[in-house]
Amino acid sequence: MKNLCLLGLFVFILSSCSKNNEIKNMNTVDPATGKIETVRKVSALASYYVNGATGNDANLGTSTTTALKTIQAALYKTTNGVGANIYVAAGTYKERLYWPTSGASSAEPITLTNYNNGVVILDGINATNNAQNEMLAIASRSHIRISNISITNNTRANAKGIYIVGNGTDIQVTYCKISNIGWTTNGSAVPSSTDNASPFIIVGSTSTAYTEIYIGSNEIFNCNTGYSEGLTLTGNVQNFLIELNTIHDIKNIGMDMSGNYSWTGAPANVNYARNGNIKNNTVYNCVSPVATSGGIYVDGGKWINIEGNTVYANYAGISVGCENNNNTVEGINIRSNFIYNNIEAGILIGSNQPNSKVINSTVSNNTLYKNYSAGGWGGEISMQNMNNVSFINNIINSRSNIVVIASLGYTSTNLTFNYNKYYTLSGVATNITFDWGGNNSTTYSTLAAFKTGTGLDANSTYGNPGLVSATLPTPNLHLANTSACVNAGLPTYALQTGELDIDKGTRIVNSRIDIGADESAY
C-alpha cells in the first residue's frame, strides 16, 4: 500500500427532484452476516431514467419517454437525504461521475443500476469532466447502492475506478465490472512508488469511520495498478463484508485491507481497516513486476476473517503483515481457503518491520497445494515477526522437498502447530524440510525431528492428503472419500460464529472437523 493523492471534498449546487409515492421491495444486505433481506414498505422514492441514445438532459427524467441523456444529470436530480432510483439504459456513457447526495436510510437509498438488464458501460476514453481522475467519485455520502455498472478505460497518473473518501455508512457495490484502470497502458512498464492506479478504493479520511460496507459479486480485472491494488480499504473503515468477487490479472496486490498510513488523514488510533469479513472470493494472476504481491493482503488491519476464498497463481497467496513500524496487526483468522500454485508462499504472515508484529491470530483448516512455483528455497508457509499465532488443521502439500515451513530471519514466538497434514513431492516422510529460527536457523529434515526439536505439531502427520484431483493448473482440492484427513482434525476445535467450509457448508460433520478447507460428508 503506497501513498495516494486524496481529493478535496467537492461542493455542487444540487437540483431538486420530484418524488413519487410507491410501494417498493427494497433488498438490503447486512454487512456482518451477508444476509439479503427484503423490506416492503411505502416509500417516497423518486425514479429517474437515463438513455444515452434517446434522452435529453432538459427532460424531467421521470419516465422512459422523458429520459435524461447522461448519468450525471440524473445524479444531480437527487436530493440529499431522500431515496431515489436511477435506471440507466444499455449503452456506453463517456462520463466521469461525481455522486452529490446521500440516501435517506438503508431502506431508502440512492440506487444507480442498469435498466431492464442492459449492459451499461462507463468509459473513460474521451469522457466528460476530464479534470477528475476518478470514473466515479463519492465524498462522505451514505445509503448508496451501485449495481450492474461496468467501469473501464481510465489510464492516467492516479487513475481510479470507484473512489469513496471521507466518512459515511451503508455503501453497497454489487455485480459491477471494473477493468483497464491503470497508470500506464504499457503492460511491460516497471513502476516506481509514485506510479499508482486504484480500480476500487475506499478511504476513511476523518475521525468518523466509513462503515457498513458490502462489496459483492463484482469483477475487477486487467488493471495496471503500479504500487496500488485492485480493491483497497484503508484508513478509518470498519464493518465490511467482501464476498463472491473475482479479482484477476492485476499488476500488484489483488485486495488490500490496510492501516497506519498517514496520508489517509484519519487519526492514528482509528487509521486502519477493521471488523470485516473477506469470504468466498476468487483471486488469481495478481503479480507485481517489482515486489511480492499477495492475492489477498492485510497490511495493518485488525479483526478480519479471511474465509472460503480460492487464491492461486499470484505472487503470494494470502499475506498478513504490517509495513509501518511500531504497530501491531491482530485478530486475523485465515481459515478454510484453497491456496495453490502461487509463485512464492501460499501464506506469508508476520511483519517485516523490527518493531511491528502480527499477534493473536489463527491459520486453520486451509488447503495449501504446490505453491512456490518459482522453485528453490521457500515455504508453503513463510513467517516473519509474530506472536501467539496458531496453525491448526491445515493441509500443507509442497511441490518440493526443500522447505515446507520457513522462518524468514525474523522472530516468531508463542506459536501453536498441531493436527496438520504434511506431504511433499517425493512422498517419502524423510524428505521434508522445516527451516526454523531465522538467521540462526535450525533445519529439520523430517517431521519427527521437527516435533522433537520444537515441541510443536505433536498430533500432525505426514502422508498423502487424499485430494479428489491433484493436477495443476486446475486441481480439485476437495477431499476424496478415502482421505485420511476426514474426521482427523483437532477433536476440541471450537467453531467461531458463522464459520463455514470452502463451499459455505457446515464446518463440522460427524462430530469432528476434517483437516483442510473442505468438510466432507463422509
Side-chain angles (χ1 to χ4, degrees), residues 1-12 52 70-72 75 91-100 112 120-139 141 146 149-166 173 176-203 205 215 218-235 247-256 258 261 263-265 285-291 293:
M1 183 71 201
K2 291 295 181 181
N3 195 353
L4 299 174
C5 295
L6 288 179
L7 283 180
L9 300 183
F10 296 106
V11 178
F12 284 86
T70 66
I71 301 170
Q72 188 66 71
L75 286 167
T92 297
Y93 294 80
K94 301 282 191 174
E95 303 182 59
R96 296 173 183 270
L97 302 175
Y98 180 77
W99 195 290
L112 174 65
V120 176
I121 300 171
L122 198 63
D123 191 334
I125 296 176
N126 298 321
T128 58
N129 196 17
N130 187 58
Q132 181 175 295
N133 287 333
E134 302 78 27
M135 293 301 299
L136 176 53
I138 300 171
R141 303 302 181 194
I146 303 167
I149 305 294
S150 293
I151 299 173
T152 191
N153 296 332
N154 187 22
T155 303
R156 57 173 64 191
N158 295 308
K160 298 177 181 68
I162 297 175
Y163 178 43
I164 302 173
V165 64
V173 180
C176 292
K177 293 186 177 184
I178 305 175
S179 63
N180 295 328
I181 309 298
W183 66 277
T184 178
T185 58
N186 182 359
S188 300
V190 177
S192 69
S193 61
T194 59
D195 295 320
N196 293 279
S198 299
F200 190 164
I201 180 169
I202 301 177
V203 183
S205 61
I215 301 171
N218 304 284
E219 183 180 11
I220 303 173
F221 61 104
N222 293 344
C223 294
N224 196 348
T225 58
Y227 271 66
S228 294
E229 307 83 31
L231 170 61
T232 308
L233 270 61
T234 190
I247 301 177
H248 63 96
D249 295 285
I250 306 295
K251 287 192 174 294
N252 196 21
I253 295 159
M255 68 170 74
D256 184 11
S258 74
Y261 289 91
W263 61 262
T264 68
N285 291 347
C286 297
V287 179
S288 167
V290 294
S293 49

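Remark: side-chain polar atoms of Asn154 are paired, donor with acceptor, to backbone N or O of Lys160 under 3.5 angstrom. Between the side chain of Asn218 and the backbone N or O of Cys176 there is at least one donor-acceptor pair closer than 3.5 Å. In this structure a side-chain-to-backbone donor-acceptor pair under 3.5 Å is present from Asn252 to Ser228. At least one donor-acceptor pair closer than 3.5 Å links the side chain of Ser293 to the backbone N or O of Ser288. Under a 3.5 Å cut-off, the side chain of Gln72 and the backbone N or O of Glu95 do not form any donor-acceptor pair. Distance alone, capped at 3.5 Å, places no donor-acceptor pair between the Lys94 side chain and the Thr128 backbone.
Of all heavy-atom pairs between Pro289 and Ala189, the closest is CG-O, 4.4 Å. Residues Ile247 and Cys286 share a closest heavy-atom pair of O-SG, 4.2 Å. Across every non-hydrogen atom of Leu122 and Leu97, the tightest pair is CD2-CD1, 3.8 Å. Residue Gln132 comes nearest to Tyr98 through the heavy atom pair OE1-CB, 4.1 Å, listed as atom of the first residue, atom of the second, then distance. Of all the heavy atoms in Gly161 and Ile181, the pair that sits closest is N-CG2, 3.9 Å. Pairing each heavy atom of Asn224 with each of Lys251, the nearest pair is OD1-CD, 3.5 Å.
Between Ile250 and Glu229 the shortest side-chain heavy-atom distance does not fall below 4.5 Å. Contact annotation: the side chain of Glu134 never approaches that of Ile151 to less than 4.5 Å [non-hydrogen atoms, C-beta and beyond]. Counting only heavy atoms from C-beta outward, the side chains of Leu136 and Ile149 never approach each other to under 4.5 Å. Within the 4.5 Å cutoff, side-chain heavy atoms of Val203 are placed close to those of Trp263. Proximity of Trp99 to Ile146: side-chain heavy atoms (C-beta onward) are separated by under 4.5 Å at one or more points. Residues Val120 and Tyr93 have side chains in contact (heavy-atom distance under 4.5 Å, counting atoms from C-beta outward).
For the atom pair Asn180 CG and Ser150 OG, the distance stands at 11.5 Å (nearest 0.5 Å).
If you check the side chains of Asn196 and Trp183, you find no donor sitting under 3.5 Å from an acceptor. Checked by atom type, the side-chain pair Ser192/Thr194 shows a donor-acceptor distance below 3.5 Å.
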Decide yes or no on side-chain contact (heavy atoms from CB on, under 4.5 Å) for Ile121 and Thr152, but give the supporting numbers first. CA-CA 7 Å; Ile121 300 171; Thr152 191; 3.8 Å; yes
Using side-chain contact (heavy atoms from CB on, under 4.5 Å), reason through Asn133 and Tyr163 one step at a time and then give a plain yes or no. CA-CA 9 Å; Asn133 287 333; Tyr163 178 43; over 6 Å; no
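By the neighbour-count criterion of 12 heavy atoms within 6.0 Å, atom CG of Asn186 is densely surrounded, having more than that number from other residues, nucleotides or ligands.
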